[in-house]
Amino acid sequence: MVARVIEVELFDLVVFGATGDLAGRKLIPALYQRCAGGQIPHGARVIGVSRRAMDDVAFRAMAHAALLAHVPAADRDEAAMARFLARLTYVAADADAEPGWPALAARLAEAEGRIRVFYLATAPELFGPICARLAAHGLNAGDARVVVEKPIGKSLDSARAVNDAVGAAFPEDRVYRIDHYLGKETVQNLMALRFANALFEPLWNAAHVDHVQITVAETLGVEGRAGYYDTAGALRDMVQNHLLQLLCLTAMEPPVSLAADAVRDEKLKVLKALVPITERNAATATVRGQYRAGASAGGPVGGYLDELGDPASRTETFVALKAEIANWRWAGVPFYLRTGKRLANRVSEIVIAFRAIPHSVFDAGAGPIAANRLVIRLQPDESVKLWLMIKDPGPGGMRLGHAPLNMGFAETFGVRNPDAYERLLMDVVRGNQTLFMRRDEVEAAWSWIDPILDAWAGAAEPPKPYTSGTWGPSAAIALVERDGRSWNEDG
Ligand code: BG6
């Protein structure tokens with residue numbers, strides 16, 4: 001299959017925090033890929049902004065190094081990289097001080113009448129000050145858009161404050177809140193699978209689904225981010241956004257269209273239907289863990305507390321929890337969520353575990369009959385597998401086996417799997433908010449998360465230690481086994 005490239009309109013993209021980690025690791029490589037792929041029109045500009053004094057040449061050299069470090073060698077083409085780097089310019093400006101801002105305004109004024117995007121790849125404390133200065137210079141005018149990324153607050157109250165500050169300069173229909181999981185190909189495939197096939201939707205409910213599992217497991221530790229991470233923890237860093245977004249797309253009613261608000265309205269209803277987890281049930285419905293020394297990716301690794309240098313930290317690097325959605329479609333169907341750092345494997349997947357057959361016509365010699373499972377794997381190898389019972393081939397009577405109908409996207413379609421940021425950046429330019437979070441969604445997610453955080457803060461017990469390279473604390477296994485179920489191990 002051949003990817004279809006549709007050129008976007010002419011734009012100026014201003015990246016605040018242009019010398020930072022997100023810009024170097026994700027934004028610059030994503031823009032290069034789309035530029036090399038022919039989607040970015042001639043004349044479009046990327047304007048890097050940060051506090052550091054630097055000229056265009058130095059910024060381009062920095063961006064070049066980022067491409068060498070983060071774009072796969074097979075996708076790097078000298079001529080395409082040179083064409084891309086020529087679009088980059090740089091302005092030094094500080095969110096908290098006026099110098100530099102007139103220069104930015106002048107740079108933008110060189111090319112009026114094109115789409116303007118401001119990407120705030122900065123610490124969230126700067127979202128408000130940057131938006132205020134953009135407004136003071138009139139740069140928020142017309143249909144200029146702003147892109148912000150998590151953490152959007154640390155709680156409902158602080159999220160509201162961030163949203164208010166951004167909202168003071170940009171109306172909601174020009175605010176793009178990124179959750180990069182929504183840009184992953186297989187997450188979009190979830191919508192294709194559910195709403196472009198007649199097969200699954202009639203079964204997609206409590207009458208036929210026994211439970212759902214959502215796992216986002218990483219082998220990495222907190223790397224160089226322990227400072228940030230210790231103020232967040234896995235519940236804020238991963239569950240409040242990525243895992244709840246996956247849950248919403250899995251559980252939502254069919255939207256009337258893919259228009260942004262049609263999809264976001266349905267996701268919001270799911271968030272509002274989540275049964276609260278409070279101090280009353282947090283001990284039985286949640287498990288939090290913290291990694292200790294162990295082995296990961298074949299080598300020994302240290303523990304979280306050593307990396308952080310603070311033996312007293314109670315920040316969780318692992319969460320497993322049992323969520324319930326109180327509506328007609330899902331009442332009584334547990335959604336088990338788990339995510340953690342330094343786990344045994346890097347794997348992200350959504351498992352729809354169907355109910356067992358009501359009656360077996362086979363005799364005991366046929367072997368056990370496993371219930372069907374649909375496994376939607378986001379990474380590392382994107383695939384959709386439907387696990388079915390079959391007759392084991394060959395002689396030996398009626399013996400049953402368990403085998404997947406397997407669609408691996410790389411082999412099936414043979415196209416490069418784009419990074420989530422590529423799609424999302426182009427959607428901002430196109431003005432399509434479907435894959436971005438609306439304010440009320442973010443706040444509804446915090447409303448559900450806050451009581452869990454409160455319950456944990458009031459609990460005497462610290463997070464349970466787990467050895468790096470395992471699947472987390474044994475209590476996370478008990479969380480599902482207590483209900484007579486097990487985490488998916490079928491791959
Ligand atoms: C980020 C988190 O949002 O997602 C990180 O802050 C995490 O802690 C990352 O490692 C995982 O993203 P991906 O795309 O590698 O699964």
Side-chain angles (χ1 to χ4, degrees), residues 7-24 26-32 34-35 39-67 81-123 126-149 165-166 168-170 174-176 178 421 424-426 428-431:
E7 204 178 74
V8 296
E9 276 180 62
L10 201 54
F11 65 87
D12 278 346
L13 168 64
V14 180
V15 180
F16 289 92
T19 56
D21 179 65
L22 177 66
K26 294 290 183 185
L27 306 183
I28 302 275
L31 289 164
Y32 162 73
R34 290 299 162 119
C35 186
Q39 198 164 27
I40 297 187
H42 184 71
R45 299 184 300 176
V46 178
I47 303 169
V49 179
S50 84
R51 268 188 308 207
R52 199 182 306 178
M54 195 175 6
D55 61 10
D56 291 352
V57 176
F59 181 55
R60 287 177 186 147
M62 190 176 222
H64 187 222
L67 296 181
M81 287 200 291
R83 272 199 308 277
F84 170 69
L85 293 171
R87 296 163 183 273
L88 269 49
T89 64
Y90 184 81
V91 175
D94 186 340
D96 293 321
E98 189 52 19
W101 286 85
L104 175 61
R107 183 71 52 87
L108 286 167
E110 288 164 8
E112 294 286 358
R114 48 174 67 191
I115 289 166
R116 265 184 203 166
V117 179
F118 298 102
Y119 199 120
L120 311 192
T122 64
L126 300 180
F127 293 172
I130 292 174
C131 286
R133 279 189 201 272
L134 288 171
H137 286 270
L139 299 176
N140 59 340
D143 71 348
R145 301 138 207 206
V146 68
V147 187
V148 292
E149 188 151 353
V166 173
F170 292 91
R174 293 196 272 120
V175 178
Y176 290 73
I178 285 210
Y421 282 89
L424 295 174
L425 281 164
M426 293 301 101
V428 178
V429 176
R430 283 188 280 253

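The analysis underlying the following values was restricted to heavy atoms, covering all of them including side chains, and did not include hydrogens, waters or symmetry mates. In what follows, residues are counted from 1 in the order of the sequence shown.
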Does any N or O in the side chain of [X] come within less than 3.5 Å of the main-chain N or O of [Y], such that one atom is a donor and the other an acceptor?
{"X": "Arg87", "Y": "Val46", "value": "no"}
{"X": "Arg114", "Y": "Gly43", "value": "yes"}
{"X": "Asp12", "Y": "Arg116", "value": "no"}
{"X": "Trp101", "Y": "Asp94", "value": "yes"}

Under the criterion side-chain hydrogen bond (donor to acceptor under 3.5 Å, both in side chains), which of Arg45, Glu110, Arg107 is the partner of Thr89? Arg107

Compare every heavy atom of [Y] with every heavy atom of [X], then report the nearest pair and how far apart it is.
{"X": "Tyr176", "Y": "Gly431", "answer": "OH-CA, 3.2 Å"}
{"X": "Val15", "Y": "Ala23", "answer": "CG1-CB, 4.3 Å"}
{"X": "Ala92", "Y": "Ala53", "answer": "CB-CA, 4.2 Å"}
{"X": "Ser50", "Y": "Tyr90", "answer": "OG-OH, 2.7 Å"}
{"X": "Asn140", "Y": "Arg174", "answer": "O-NH1, 3.0 Å"}
{"X": "Ala95", "Y": "Pro129", "answer": "O-CB, 3.9 Å"}

Trace of the side-chain contact (heavy atoms from CB on, under 4.5 Å) decision for Leu108 with Phe118: CA-CA 11 Å; Leu108 286 167; Phe118 298 102; 3.9 Å; yes

Rounded distance [0.5 Å steps], [atom1] in [X] versus [atom2] in [Y]:
{"X": "Phe16", "Y": "Leu134", "atom1": "CZ", "atom2": "CG", "answer": "4.5 Å"}
{"X": "Arg60", "Y": "Phe84", "atom1": "CZ", "atom2": "CZ", "answer": "10.5 Å"}
{"X": "Arg34", "Y": "Ile40", "atom1": "CZ", "atom2": "CD1", "answer": "8.5 Å"}
{"X": "Arg145", "Y": "Arg430", "atom1": "CZ", "atom2": "CZ", "answer": "11.5 Å"}
{"X": "Gln39", "Y": "Leu425", "atom1": "CD", "atom2": "CG", "answer": "10.5 Å"}
{"X": "Glu149", "Y": "Leu22", "atom1": "CD", "atom2": "CG", "answer": "5.0 Å"}

Verify side-chain contact (heavy atoms from CB on, under 4.5 Å) between Tyr119 and Ile178, making sure each step is shown before the conclusion. CA-CA 10 Å; Tyr119 199 120; Ile178 285 210; 3.3 Å; yes

Indicate yes or no: at least one non-hydrogen side-chain atom of His137 is less than 4.5 angstrom from one of Glu98. yes

Please tell me if the side chains of Leu67 and Leu85 come closer than 4.5 Å, counting only heavy atoms from C-beta onward. yes

Show your reasoning for whether side-chain contact (heavy atoms from CB on, under 4.5 Å) applies to Leu126 and Asp96. CA-CA 8 Å; Leu126 300 180; Asp96 293 321; 4.2 Å; yes

Consider side chain to side chain contact (heavy atoms under 4.5 Å, CB included). Of Leu31, Val429, Leu27, which one does Leu13 pass it with? Leu31

